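One structure is given below, encoded as structure tokens.
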Protein chains: 2
Amino acid sequence: MKCKVSENPSIKEAYRLIEDGIRKRALVVILACCSASYEGRARSRLDAGERLIVIKPDGTFMVHQDRKVDPVNWQPPKSRSRAYIKRGSLYLESIRRDPEERLEVEIHEAHLVSYYLARDVHDLMVAGHENDMGDMIIMHPQLIEKGFRPVAREYAVASGFIDILGKDENGSLMIIELKSRKAGVSAVKQLKRYVDEFREDRVGVRGVLVAPSITHDAMEMLEEEGLEFREIEPPRELRSNRGVTLDNFL
Amino acid sequence: MKCKVSENPSIKEAYRLIEDGIRKRALVVILACCSASYEGRARSRLDAGERLIVIKPDGTFMVHQDRKVDPVNWQPPKSRSRAYIKRGSLYLESIRRDPEERLEVEIHEAHLVSYYLARDVHDLMVAGHENDMGDMIIMHPQLIEKGFRPVAREYAVASGFIDILGKDENGSLMIIELKSRKAGVSAVKQLKRYVDEFREDRVGVRGVLVAPSITHDAMEMLEEEGLEFREIEPPRELRSNRGVTLDNFL
DNA sequence: CGCTTTATGTCGTAC
DNA sequence: GTACGACGTAAAGCG
């Protein structure tokens with residue numbers, strides 16, 4: 001039996017089913033009218049309403065309202081959850097250590113209590129990150145321009161890390177800043193800081209912002225600063241080669 | 001009847017219940033073995049496993065694994081979801097416009113399908129954000145130091161917004177950067193950028209980072225740059241006065 | 001609507 | 001274990 005379900009359970013039934021689910025390391029799913037108090041890095045109070053409560057076998061605890069992607073209250077993996085009855089009311093508690101945080105949910109009326117012995121071995125395969133863009137450019141430098149040669153990746157400078165450092169066909173230094181999404185002003189500022197560090201030493205340093213698109217403000221600032229933009233889409237292949245390094249090409 | 005539930009439903013039963021729930025703007029909750037494909041800003045594929053699927057009345061769509069707080073796949077509010085049967089299999093689809101994104105979930109076996117006509121009018125009351133810290137400092141400037149007078153809030157400069165601008169008892173300009181959590185190197189860099197903009201014009205500008213704590217590296221950088229740190233905890237009162245402005249004190 | 005910043009961000013990863 | 005940066009960040013606030 002993968003699943004155990006109880007509709008409109010009594011307080012005691014609900015309590016037993018929830019504790020049973022937690023002990024069996026099941027995915028516990030509750031639909032109930034509840035209120036919640038949280039105290040930890042911040043502090044919050046949520047008055048009564050009908051919500052979805054989830055307790056995961058890894059210790060994750062969530063209270064979801066009927067809106068938004070994010071839970072309204074939650075605790076992260078490794079938190080310790082339990083149910084208890086106090087003065088005739090059913091409570092759920094989830095405690096995290098370091099930082100010390102506590103979430104308490106009072107269940108006023110449970111409409112559905114269930115748990116699910118879920119087996120799930122697969123992880124998400126995803127493509128389209130900044131890192132994948134870097135891999136792609138290292139493997140196909142001509143995407144930047146003909147004659148471009150990458151020299152270093154994640155190159156450390158005072159103000160941070162340069163995504164890709166390279167040279168153009170004339171031997172001028174090129175600083176590549178990658179963004180996998182639309183680039184904003186902050187990306188231009190970041191690139192400018194890197195370029196400024198090098199321009200102090202020598203002239204003829206080129207700064208290139210690489211992204212699938214750019215905001216209007218960012219484009220203006222880029223032109224003012226004498227920097228360049230290359231429109232490149234992040235790669236879409238799932239399971240792209242991880243760990244592409246410059247060694248492959250030196 | 002707040003709740004409608006079906007255990008181990010047939011494909012057709014599951015389909016009907018899910019479509020019914022979506023149409024009634026209920027919170028739809030499914031426990032099922034499924035796989036998922038996403039294509040939009042990025043691209044992803046998730047192979048079969050037993051998971052929790054939630055469709056909210058605001059259009060939010062989530063697939064939760066048995067671990068982590070974040071959903072493994074999701075669509076934001078206002079997405080359009082539907083169920084359909086194709087070649088004898090049950091699918092869920094959620095589509096978002098702008099950016100165009102599509103999430104498709106194939107349900108291999110439904111263990112529990114339910115929907116919940118949830119009423120929830122209350123919003124979370126929370127305390128302890130950066131904004132509350134700002135309010136507190138405007139109301140009690142001596143928290144920064146004796147003689148400190150705030151002059152402007154969210155003051156716009158080229159590189160962003162200065163949280164609080166003020167003067168010390170000698171009339172020197174003070175730039176206050178607030179962080180409600182432990183401050184890291186990035187907070188110091190941000191403060192430094194603001195201070196640099198003003199130091200170009202005049203000397204004697206002080207930069208103060210205000211946070212409950214600070215990382216070691218950040219503290220070192222702060223001292224190198226001649227900036228200051230004030231250890232202040234964000235306030236914990238729920239429902240603190242919103243909309244405190246400088247007008248109250250000028 | 002687009003842009004910017006915050007967050008109990010969460011999560012991975014290098015040190 | 002701590003610190004740092006990326007994220008399909010999501011969500012709020014402002015022009």
Side-chain angles (χ1 to χ4, degrees), chain A residues 36 38-44 60-63 67-77 79 94 96 98-103 123-124 126-134 154 156 160-161 163 178-187 189-190 212-218 234 236, chain B residues 38-44 58 60 62 67-77 79 96 98-103 123-124 126-134 154 156 159-161 163 177-190 213-219 234 236 242-243:
Chain A
Y38 155 78
E39 172 99 37
R41 286 167 293 177
R43 197 150 113 79
S44 76
T60 300
F61 188 112
M62 304 187 294
V63 180
R67 46 195 185 265
K68 310 287 178 230
V69 171
D70 288 349
V72 63
N73 280 118
W74 74 95
Q75 290 282 48
S79 304
S94 178
R96 170 193 199 175
D98 196 40
E100 185 83 24
E101 300 195 285
R102 180 170 183 272
L103 173 59
D123 280 322
L124 187 69
V126 65
H129 300 320
E130 188 177 298
N131 199 30
D132 300 326
M133 280 184 86
E154 300 297 320
F161 290 83
D163 288 330
L178 304 174
K179 288 291 161 203
S180 62
R181 316 286 158 227
K182 182 185 270 204
V185 187
S186 60
K189 285 185 197 157
Q190 197 177 342
S213 61
I214 184 168
T215 67
H216 180 263
D217 289 2
R236 308 294 261 174
Chain B
Y38 155 78
E39 172 99 36
R41 287 168 292 177
R43 197 152 114 77
S44 76
D58 72 345
T60 300
M62 304 187 294
R67 47 195 183 266
K68 310 286 177 230
V69 171
D70 288 349
V72 63
N73 279 117
W74 73 95
Q75 290 284 47
S79 305
R96 168 191 199 175
D98 196 41
E100 184 85 24
E101 300 195 285
R102 180 169 182 272
L103 173 59
D123 280 321
L124 187 71
V126 64
H129 342 271
E130 185 179 302
N131 199 27
D132 299 329
M133 279 182 85
E154 301 297 317
S159 51
F161 290 84
D163 289 329
E177 172 65 28
L178 305 174
K179 288 291 160 202
S180 63
R181 315 287 159 226
K182 182 184 271 203
V185 193
S186 58
V188 180
K189 284 185 191 163
Q190 197 177 343
S213 60
I214 185 168
T215 66
H216 180 263
D217 287 4
M219 191 48 132
R236 310 288 273 174
R242 290 296 156 139

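Note that the structure is predicted; figures quoted are calculated from it, not measured. Per chain, numbering begins at 1; letters A, B, ... match sequence-line order.
Residues A:Tyr38 and B:Arg67 both approach DNA chain C. Their nearest nucleotides, taken by heavy-atom distance, put A:Tyr38 toward the 5′ side. Nearest-nucleotide positions on DNA chain C place B:Asp98 closer to the 5' end than the other of A:Ser44 and B:Asp98. Of the residues near DNA chain D, A:Val69 and B:Val72, the one whose nearest nucleotide (by heavy atom distance) lies more toward the 5' end is B:Val72.
Distance check on atom P: D:dC4 versus D:dG8 gives 23 Å, rounded to whole Å. When the C1' atom is used for both D:dA11 and D:dC7, the distance is 14 Å, rounded to whole Å.
Within the 4.0 Å cut-off from OP1 or OP2 of D:dT9, at least one side-chain nitrogen or oxygen of B:Arg41 is found. A sub-4.0 Å separation between OP1 or OP2 of C:dT6 and a side-chain N or O of B:His129 is absent.
Residue-to-nucleotide contacts include no donor-acceptor pair under 3.5 Å from the side chain of A:Asp70 to the base of C:dG9. Between the side chain of B:Glu39 and the base of D:dG8 there is no donor-acceptor pair of N/O atoms closer than 3.5 Å.
No donor-acceptor pair closer than 3.5 Å links the side chain of B:Glu101 to the backbone N or O of B:Pro76. The closest donor-acceptor contact from the side chain of B:Arg181 to the backbone of A:Arg41 lies under 3.5 Å.
Residue B:Glu101 is classed as a base contact, given a heavy-atom separation below 4.0 Å to a base. Counting any heavy atom pair closer than 4.0 Å across all strands shown, B:Pro77 reaches sugar-phosphate atoms only and no base atom.
A 4.5 Å side-chain heavy-atom check between A:Ser180 and A:His129 finds every atom pair outside the cut-off. Residues A:Ser44 and B:Leu124 have side chains in contact (heavy-atom distance under 4.5 Å, counting atoms from C-beta outward). Side chains of A:Glu130 and A:Lys179 form a contact here, defined as non-hydrogen atoms less than 4.5 Å apart.
Between A:Gln190 atom CD and C:dT4 atom C1' there is a gap of 16 Å when expressed in whole angstrom units. Taking atom CE of residue A:Met133 and atom P of nucleotide D:dA6, one finds them 13 Å apart after rounding to whole Å. One atom, NZ of A:Lys68, and another, P of D:dA10, lie 12 Å apart when rounded to the nearest Å. Computed from coordinates, the A:Asn73 CG to C:dT8 C1' distance equals 9 Å when rounded to whole Å. In this structure, CZ of A:Phe61 is placed 18 Å from C1' of C:dT10, rounded to the nearest angstrom. Per the geometry, CG belonging to A:Leu124 stands 20 Å off P belonging to D:dA6, to the nearest Å. Protein atom CG of B:Leu103 is 14 Å distant from nucleotide atom P of D:dG8, rounded to whole Å. Here D:dT9 presents its P atom at 18 Å from CE of B:Met62, a figure rounded to the nearest Å.
Judged by distance alone, the side chains of B:Thr60 and B:Asp58 do bring a donor and an acceptor atom under 3.5 Å apart.
Salt bridge B:Arg102/B:Glu100: absent, no basic N to carboxylate O contact under 4.0 Å.
Distance from the side chain of B:Trp74 is smallest for D:dG8 among the nucleotides D:dG8, C:dG2, C:dT8. Checking C:dT6, C:dT8, D:dG8 against every side-chain atom of B:Asp163, the shortest atom distance belongs to C:dT6. Minimum atom distance to the side chain of A:Arg181 is reached by D:dT9, of the listed C:dT8, D:dT9, C:dC11.
Atom CD in A:Gln190 sits 7.0 Å away from atom CG in A:Asp163 (nearest 0.5 Å).
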Listing time: all N or O pairs from protein to nucleotides 3-5 of chain D that are below 3.5 Å?
unit_1 : atom_1 : unit_2   : atom_2 : d
D:dA3  : OP2    : B:Lys182 : NZ     : 3.2
D:dC4  : OP1    : B:Asp217 : OD2    : 3.0
D:dC4  : OP2    : B:Thr215 : OG1    : 3.3

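Checking D:dG1 for Watson-Crick or G-U wobble geometry (two distances, each under 3.5 Å) identifies C:dC15 as its partner.
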